[in-house]
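Scroll down for the structure; my scribbles are underneath it.
Predicted, not measured: the structure shown is a model, and the values here were computed from it.
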Amino acid sequence: MRKIWTTIDSADDSVAAVLAAEALRTAARTRGQEMDVEVRRGDAVLRTLDPSGMEPADVWLSIGDRAVDDPRFAALPRVRGSIADVLTDPGAILDRLGGSAQPAEKPEQATGEPARDSRRIVAVTSCPTGIAHTFMAAEGLTQAARALGYDIRVETQGSVGAGTPLTDAEIAAADIVLIAADREVDRGRFAGKRVFASGTKPAITDARALIARAFTDAQMQTGSADEVVAEGAAASTGSGGPYKHLMTGVSFMLPFVVAGGLLIALAFAFGGIYATDESQGGTLAHALFTIGATGAFTLIVPALAGYIAYSIADRPGIAPGMIGGLLAANLGAGFLGGIAAGFIAGYGVAGLNRLIRLPKTLQGLKPVLILPLLGALLTGLLMIYVVGAPVAALLAFLTDWLRGMQGSSAVLLGMLLAGMMAVDMGGPVNKASYAFSTALISSHIYAPMAATMIGGMTPPLALALATRLFPSRFTKEEREAGGAAAVLGLAFVTEGAIPFCARDPLRVIPSLIAGSAVAGALSMAVNAELKVPHGGAFVLAVPGAVTHLGGYVAALVAGTVVSALLLGFVKKPVVAAA
């Protein structure tokens, strides 16, 4: 008996699509027919179909008011229908499957374009730190595109800039631009192309479905490069929400924190605790401290604010955001003021962009003159007269509280921050802990960063150790991946634990959280401080980068052992489980 693959597409978030799906399932069960249903309501997808078990005799039932071409089912006969038809008489729709199914049209043929053997995709992947998720998303898209028979070129915007950057010729030849990023990506070069944007997670977990959705829902990026910048502010406002905008700011802030922290650490390594004294002026240690503290660290808050605004309002938001961030730093509002300035500038510029209408010939003035000027004026006045003083008072309270933490309160904070790092391995909870600790470095509070980093290193290291201590609890593939997980753990890439968690999340994740929490608590208990927000074990060798190094390493070992032992206790032997 052939299987019915059903896709229901609703342009809005209407419940009618869900009701139609249930009506079809009921009618199919009554007739003894096998059916799988995927529902798209606006941007949400309910139960993505996996066509890996598709047979040539199967049929595709495409329900929706929009003409949707889905490459996953291009080889199947296709029956179309509307949601209204299904709700009126679902049995009649199923009756049409008997002989009226037509071969699915090639998307190019449906739109009048000449058919060709393979579609061309150009993609950009990026995550806030530019390390693991960036390249995992690129690999997922590459493998999925090859399986679908499409040509793809992926540009990875990692921590050291764009890897294998896309050329103008490749962009021009592409049918679609797919952006899988957890931070804002400059779209000015994609003017005139169909563009679809999502986070990195769909590209990692179900890249085939993401590619299919991209071809269906991509929108044309209209206008010239200057017009894209001028008109893109309003579109960016709803792209990913405040969390994505904050992560964009954090990703651009990180290089300043890393460079400044390492330079300050080296200054103390060469000049001791007196490297900051004016009496040491002219020495290498004092010069290093000046570069790190009055150079790199001065730019942390402006960079954070500027690129939050950039994520919301594109390039016109950068200047108002940075100006607001610098004012926040000068007013004593620190990173909290920088976050406020970034959102004020971003949403302010986006609002001004919607309100100000100019003739097409003058549109070029908006991104370079009108929006930066008015945005800077709005942000600056609000920071000086409204936001700056109360946020500065809040930051002072937070700083005093964190610096005064002793004993059990410090241990609890360490447990919380480190445990959060193991909850979702680079997801929102992990990033929230990381962003909070990284931002505190700009206020010269370093202990939370030490707890956060140790909490992120523990999960992959614990899994690597567990595969050696308890090999019967892991598959052959997991045991072979243990060595790679160890290297990733040492490099503070928590995502190295994801493959193990995906196979057995209910046992693995709680075990990893427990070990990370123990490591973070011990880190705070020994008063360890870390001046660098990344690098893992490789920055511990830098003199002055971490205080109480011996206790810090002992905390890492303890957390790793706790998680490894828990994994051995809660996981069942693979043979027994089979």
Roughly how far, to the nearest 0.5 Å, is [atom2] of [Y] from [atom1] of [X]?
{"X": "Ile318", "Y": "Ile308", "atom1": "CD1", "atom2": "CD1", "result": "12.5 Å"}
{"X": "Thr494", "Y": "Met453", "atom1": "OG1", "atom2": "CE", "result": "9.5 Å"}
{"X": "Ile121", "Y": "Leu148", "atom1": "CD1", "atom2": "CG", "result": "7.5 Å"}
{"X": "Leu377", "Y": "Leu382", "atom1": "CG", "atom2": "CG", "result": "9.5 Å"}
{"X": "Asp217", "Y": "Arg194", "atom1": "CG", "atom2": "CZ", "result": "9.0 Å"}
{"X": "Ser437", "Y": "Leu413", "atom1": "OG", "atom2": "CG", "result": "7.5 Å"}

Of all heavy-atom pairs between [X] and [Y], which one has the smallest distance, and what is that distance?
{"X": "Ser433", "Y": "Thr452", "answer": "OG-OG1, 3.6 Å"}
{"X": "Leu254", "Y": "Pro533", "answer": "CD2-CG, 4.0 Å"}
{"X": "Leu141", "Y": "Ala180", "answer": "CD1-CB, 4.3 Å"}
{"X": "Pro372", "Y": "Pro367", "answer": "CG-O, 3.2 Å"}
{"X": "Val301", "Y": "Gly334", "answer": "CG1-O, 3.6 Å"}
{"X": "Gly338", "Y": "Ala328", "answer": "N-CB, 3.7 Å"}

For the side chain of [X] and the backbone of [Y], is there at least one donor-acceptor N/O pair under 3.5 Å apart?
{"X": "Thr125", "Y": "Thr156", "value": "no"}
{"X": "Lys366", "Y": "Ile356", "value": "yes"}
{"X": "Thr438", "Y": "Ala435", "value": "no"}
{"X": "Lys531", "Y": "Leu262", "value": "no"}
{"X": "Ser311", "Y": "Tyr307", "value": "no"}

Do [X] and [Y] make a side-chain contact, defined as non-hydrogen atoms from C-beta onward lying under 4.5 Å apart?
{"X": "Ile445", "Y": "Thr399", "result": "yes"}
{"X": "Val124", "Y": "Gln157", "result": "yes"}
{"X": "Leu166", "Y": "Arg189", "result": "yes"}
{"X": "Tyr347", "Y": "His245", "result": "yes"}
{"X": "Asp182", "Y": "Met247", "result": "no"}
{"X": "Phe343", "Y": "Pro242", "result": "yes"}
{"X": "Ile152", "Y": "Leu178", "result": "no"}
{"X": "Leu304", "Y": "Phe256", "result": "no"}

Let's go through Phe492 and Val539 carefully: what are the C-alpha distance in whole Å and the side-chain angles of both, what is the deciding distance for side chain to side chain contact (heavy atoms under 4.5 Å, CB included) to 0.1 Å, and is it a yes or a no? CA-CA 10 Å; Phe492 184 39; Val539 301; over 6 Å; no
Quick one: do Ile370 and Leu358 satisfy side chain to side chain contact (heavy atoms under 4.5 Å, CB included)? Show the steps, please. CA-CA 11 Å; Ile370 298 173; Leu358 295 176; 3.5 Å; yes
Between Leu378 and Leu374, is the side chain to side chain contact (heavy atoms under 4.5 Å, CB included) condition met? List the steps. CA-CA 6 Å; Leu378 172 67; Leu374 296 181; over 6 Å; no
Side-chain donor-acceptor pair present, His444, Tyr446, cut-off under 3.5 Å: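 Distance-only check passes for His444 and Tyr446.
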I'd like to know whether CG of Asp400 has more than 12 heavy-atom contacts from other residues, nucleotides or ligands below 6.0 angstrom.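 It does: Asp400 CG has more than 12 such atoms within range.
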After noting the C-alpha distance and the side-chain angles of Ile441 and Phe297, does the key distance pass the side chain to side chain contact (heavy atoms under 4.5 Å, CB included) rule? CA-CA 9 Å; Ile441 293 179; Phe297 268 35; 3.6 Å; yes
For Glu170, give me all partners under salt bridge (charged side-chain N to carboxylate O under 4.0 Å, His left out), at least two apart in sequence or on another chain.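 Expected list: Arg153.
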Mutual orientation of the aromatic rings belonging to Phe215 and Tyr150 [parallel < 30°, tilted 30-60°, perpendicular > 60°]: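 Phe215 and Tyr150: perpendicular rings.
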